[in-house]
There are 2 protein chains.
Amino acid sequence: MSCESYFMEQLQKRGFRLTPQREIVLSILHQMDSPASVEEIFERVQAFSNAVDISTVYRTLDLLQDFNLVISVDLGESHRVFKLVDAEEPHLHLVCEHCGTVTGADIHPAESFAATLLEKYGFQADLTRLNIPGMCENCRDQKTHSVTGSVHKHPAPLD
Amino acid sequence: MSCESYFMEQLQKRGFRLTPQREIVLSILHQMDSPASVEEIFERVQAFSNAVDISTVYRTLDLLQDFNLVISVDLGESHRVFKLVDAEEPHLHLVCEHCGTVTGADIHPAESFAATLLEKYGFQADLTRLNIPGMCENCRDQKTHSVTGSVHKHPAPLD
DNA sequence: GTTATTGCAAATTATTTGCACTTGG
DNA sequence: CCAAGTGCAAATAATTTGCAATAAC
């Protein structure tokens, strides 16, 4: 993947520097097959060098986002994950609200839907940022029937 | 709307108490025509009584969510908004990434899309929680051509 | 009266920032 | 060499929690 070299090129072009920290973060992101939280990324970064600070990870992720090499996906509950942009094929994210898994999905079926939104509401949807909440196959299998709603921790039992 | 009475009923049924604070929060939510942040809700609550604490607002919103009277919508960037559930007609949220406006949209056009997801990935989408990022009509008019991407604050100019 | 609920203040969590020191170009 | 970048520690911001006082039922 030319992602690394593209990054270096962009860095130099804009007068940024190529530091080992930035290389580590980028290579970690390459290893990841699924989106990862800052926490997860930071852990793996530390396996390379425990001197790297988490603030540097944040800063590098910001930079990578500016370069459109990385996107962040907001899973709610202040759970943000990052992943390398799939330059060839952008896709949606199916976010399982039960197990937290994020699955990539073909963007095409959403396109006619997006067209409808544009037509009816003048709203230009950005499908590459679209996260679809719901329940994945595994979790559905496990709990074929169950309340989708909140599983909260309130004191009083119902009736 | 029977929402108030439903709430009271549910409270009593489960041994919760009907407090003025809870009534205020609920009535504020009724006044809101669009989803509101905790901050906004809190401000309006204080107009009624500045003795009400923000933690009580949080707690009440949690409770209302447990009762499925309120849903929270995550707009990313740790911007959460709350709104009363539209019992009759659930709808999607079109979230303008430019001005932050949230517009309700008909859920039907999304249904065939959801069916595809179920078929292809076994993923059961929860359309009532679906937020669609993009750009609303107004913002599109204003900046007919513009970079959708990040408008960041990095030092070095390109080239 | 008893127990849920509140206000308050302190704790938590995720992220950002100021700054002196370090280092890449 | 010298500005960009880093580590660190402190600052923010949003939300949660422990607890004694209060109020609903």
Who passes side chain to side chain donor-acceptor pair (under 3.5 Å) against A:Ser72, sequence neighbours left out?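 Counting only residues at least two positions away or on another chain, A:Ser72 forms a side chain to side chain donor-acceptor pair (under 3.5 Å) with A:Gln65.
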Residues in side chain to side chain donor-acceptor pair (under 3.5 Å) contact with B:Thr116, at least two apart in sequence or another chain: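 Applying side chain to side chain donor-acceptor pair (under 3.5 Å) to B:Thr116 gives none.
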What integer distance in Å separates [X]:[atom1] from [N]:[atom2]?
| X | N | atom1 | atom2 | result |
| --- | --- | --- | --- | --- |
| B:Gln10 | C:dA4 | CD | P | 18 Å |
| A:Arg59 | C:dA14 | CZ | P | 19 Å |
| A:Leu61 | C:dA14 | CG | P | 15 Å |
| A:Gln12 | D:dG5 | CD | P | 12 Å |
| A:Arg14 | D:dG5 | CZ | P | 12 Å |
| A:Phe16 | D:dC2 | CZ | C1' | 17 Å |
| B:Asp66 | C:dT5 | CG | P | 12 Å |
| A:Gln46 | D:dT6 | CD | P | 15 Å |

With side-chain contact (heavy atoms from CB on, under 4.5 Å) as the test, would you mind laying out the steps for A:Phe123 and B:Ile132 before giving the verdict? CA-CA 9 Å; A:Phe123 187 86; B:Ile132 317 224; 4.1 Å; yes
Strictly by salt bridge (charged side-chain N to carboxylate O under 4.0 Å, His left out), give each pair with a member in residues 38-57 of chain B just once, sequence neighbours left out.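 Matches after skipping sequence neighbours: none remain.
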Salt bridge (charged side-chain N to carboxylate O under 4.0 Å, His left out) contacts in which one or both residues fall within residues 108-124 of chain A, not counting sequence neighbours: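 Every salt bridge (charged side-chain N to carboxylate O under 4.0 Å, His left out) pair that includes a residue of residues 108-124 of chain A, provided the two are not neighbours, is A:Lys120-B:Asp106.
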Can you list everything that forms a ring-ring contact (aromatic ring centres under 6.0 Å, His included) with A:Phe113? Sequence neighbours excluded, please.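 Checked A:Phe113 against ring-ring contact (aromatic ring centres under 6.0 Å, His included); matches are B:Phe113.
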Among the candidates C:dC8, C:dT3, D:dA4, find the nucleotide nearest to the side-chain atoms of B:Arg17.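 My answer, after comparing the listed nucleotides, is C:dT3.
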With sequence neighbours left out, what residues match B:Gln46 under side chain to side chain contact (heavy atoms under 4.5 Å, CB included)?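 Result, side chain to side chain contact (heavy atoms under 4.5 Å, CB included) vs B:Gln46: B:Phe42, B:Asn50.
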Can you sort out the partners of A:Ala114 under side chain to side chain contact (heavy atoms under 4.5 Å, CB included), two or more places apart, ordered by chain and number?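 With sequence neighbours excluded, A:Ala114 shows a side chain to side chain contact (heavy atoms under 4.5 Å, CB included) to A:Ala125, A:Leu127, given in chain and number order.
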Kindly calculate the angle separating the two end axes of the helix from C:dG1-D:dC25 to C:dG25-D:dC1, each obtained from five base pairs, and round it to 10 degrees.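 About 30° separates the two local helix axes.
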Close N or O pairs between protein and nucleotides 9-16 of chain D (under 3.5 Å):
unit_1 : atom_1 : unit_2  : atom_2 : d
D:dT15 : OP1    : B:Arg80 : NE     : 3.4
D:dT15 : OP2    : B:Tyr58 : OH     : 2.4
D:dT15 : O5'    : B:Tyr58 : OH     : 3.1

Between side-chain atoms of residues 17-27 of chain B and protein atoms elsewhere (two or more places apart, or another chain), which donor-acceptor pairs fall under 3.5 Å?
unit_1  : atom_1 : unit_2  : atom_2 : d
B:Thr19 : OG1    : B:Arg22 : N      : 3.2
B:Arg22 : NH1    : B:Arg17 : O      : 2.6
B:Ser27 : OG     : B:Ile24 : O      : 3.0

Could you list by number each residue of residues 19-29 of chain A showing a heavy-atom separation from DNA chain D of less than 4.0 Å, or answer none if no residue does?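 Contacts with DNA chain D under 4.0 Å: A:Thr19, A:Gln21, A:Arg22.
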Within the distance-only criterion (no hydrogens, no angle test), does the side chain of B:Thr60 pair as donor or acceptor with the backbone N or O of B:Thr56 below 3.5 angstrom?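 Side chain of B:Thr60 to backbone of B:Thr56, a donor-acceptor pair under 3.5 Å: yes, one is there.
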For a side-chain contact (heavy atoms from CB on, under 4.5 Å) check, start with the C-alpha distance between B:Leu29 and B:Ile41, then their side-chain angles and the critical distance, and finish with the verdict. CA-CA 7 Å; B:Leu29 286 166; B:Ile41 295 166; 3.9 Å; yes
